[in-house]
Amino acid sequence: MIVVKENASKLDMGVVKGGRYLLVPFFTLYMIPFLYLPLLPHSVHCQCTKTPIIFNFGDSNSDTGGYADGVGLNFAPPNGRTYFHQPARRLSDGRLMIDFLCESLNTDYLTPYLNSLEPNFTNGVNFAIIGSATLPRYVPFSLFVQVSQFLRFRYRSPALMLNGYKDLVGDEDFENALYTIDIGQNDLAASFDNLTYSQVIERIPSFITEIKNAIWNIYEKGGKKFWVHNTGPLGCLPQKLALLARNATELDEHGCLQPLNNAAKTFNAQLRVLCEQLRRELINVTIVYVDIYSIKYDLIANASNYGFESPLMACCGNGGPPYNYNANINCGRTGYTVCHEGSKFISWDGVHYTEAANAIFASKILSTHYSTPQLSFNFFCNNM
């Protein structure tokens, strides 16, 4: 399943030649078992009468180019090889969940806030940045900084439109916009680098407080529709397993690190309580809590039922089985290996997910079965 990027050997099946990556036709999504085809995002049609407005806050799970714009670089192949057929400023082989959700609303992919080259913000803004967390508060690009950027955009956009500027958002659209939040994974991951399990658990309320403050700040500027993702099973990431797995007793029945997953569950339980609390406190506000953890863990635990293989192994990395992750040779660096396009891997690079996995995640979100309350994504159309 693995081909070598540098110094291609007999493992090379013709995908890599002369140190260059040769593109092959896209067919990843079409290999998803027939049972799940009706659930794919591209089969869900939006009922919106106006272009939906989405403001997204988060980390690499939903960064569509903010980090690349901010530091002035693009990611190396084979990132983006699926669908985009070139690096697309996303840490994946293709589309992210947020891309599929935009497709379901028949709107363009979100433009990063930091994009200065002919940006189009008519359908919203993506403030998510790779590596972002809730804390520390004043470190770019924390959730606090992202919301601060939004508040500046909120103030400037209507005023600039009155002066003739286009490709922005009008004053009335902010109230009808959907505000999506997907953050917290990096807070937990960084905490486990130097803290004990009990110390990590003690820090979680401070992360939740930052999310609460973010929602309040947006609400006070007219935001009324919030879509909040909990965090995924951190202990199932090949990166964490390769770096931290030392004792078999720490692994659950599916091979994931229980302490990390238990911390994620604790974070999620507190986030769910926060959403319940804010529904009572905020007036005329809809807050949907989405159980991303269950969606992702189900795919990993039942990978073969979905047609996936090696659920705890990175498609792109170094080291081979069981995890194919090497902290010194990441995906795209000299010496990396990559599975053939069309292979059914869940993890792309040990931390982020493949387009095939993201498609399943998005379809589960759109089913509403993992949402509280169970509202259709179309509920958030900007129809007013």
Any donor-acceptor N or O pair under 3.5 Å, side chains [X], [Y]:
X	Y	answer
Asn324	Thr337	yes
Asp59	Ser132	no
Arg89	Thr64	no
Thr196	Gln199	yes
Asn56	Thr180	yes
Asn230	Asp291	yes
Tyr113	Gln146	no
Asp93	Tyr83	no
Thr134	Asp187	yes
Trp227	Asp182	no

Evaluate the side-chain proximity of [Y] to [X]: yes if any heavy-atom separation is below 4.5 Å, no if none is.
X	Y	value
Asn126	Phe55	no
Met97	Phe361	yes
Asp69	Ser116	no
Ile181	Ile215	yes

Does [Y] offer a backbone N or O that forms a donor-acceptor pair with the side chain of [X] under 3.5 Å?
X	Y	value
Thr107	Asn123	no
Asn358	Arg95	yes
Asn302	Asp298	yes
Ser157	Val169	yes
Ser148	Phe144	yes
Asp349	Cys315	no

### Message
With side chain to side chain contact (heavy atoms under 4.5 Å, CB included) as the test, pick out the partner of Thr231 among Leu271, Ile183, Asn268, Asn186.
### Response
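Per the side chain to side chain contact (heavy atoms under 4.5 Å, CB included) rule, the option paired with Thr231 is Asn268, out of Leu271, Ile183, Asn268, Asn186.
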### Task
Evaluate whether the separation between SG of Cys331 and SG of Cys316 stays below 2.5 angstrom.
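The sulfur gammas are closer than 2.5 Å, so yes.
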### Atom of Pro311, atom of Ala303 and distance for their closest heavy-atom approach
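Shortest heavy-atom contact: CB-CB, 3.8 Å.
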### Message
Against the six-membered ring of Phe308, is Lys344 placed for a cation-pi contact (under 6.0 Å from the centre, within 45° of the normal)?
### Response
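Checked: cation-pi criterion met.
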### Task
May I ask you to check if Lys224 and Tyr219 form a cation-pi contact, with NZ or CZ under 6.0 angstrom from the six-membered ring centre and within 45° of the axis?
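The answer is no, since Lys224 fails at least one limit relative to Tyr219.
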Side-chain donor-acceptor pairs under 3.5 Å in residues 149-156, sequence neighbours left out?
from, atom 1, to, atom 2, distance (Å)
Arg154, NE, Lys221, O, 3.2
Arg154, NH1, Asp171, OD1, 2.9
Arg154, NH2, Asp171, OD1, 3.3

### Message
Any salt bridge linking Glu175 with Lys225? Criterion: basic side-chain nitrogen under 4.0 Å from a carboxylate oxygen.
### Response
no
### Task
Any chance you could lay out the side chain to side chain donor-acceptor pair (under 3.5 Å) test for Glu103 and Tyr109, step after step, and finish with the verdict?
CA-CA 7 Å; Glu103 287 182 7; Tyr109 301 142; 2.4 Å; yes
#### Entry: Centroid-centroid under 6.0 Å between Tyr297 and His254 rings
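Between Tyr297 and His254, the centre distance is under 6.0 Å.
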#### Entry: Derivation and outcome, side chain to side chain donor-acceptor pair (under 3.5 Å), residues Arg203 and Ser191
CA-CA 8 Å; Arg203 292 198 68 193; Ser191 296; 3.2 Å; yes
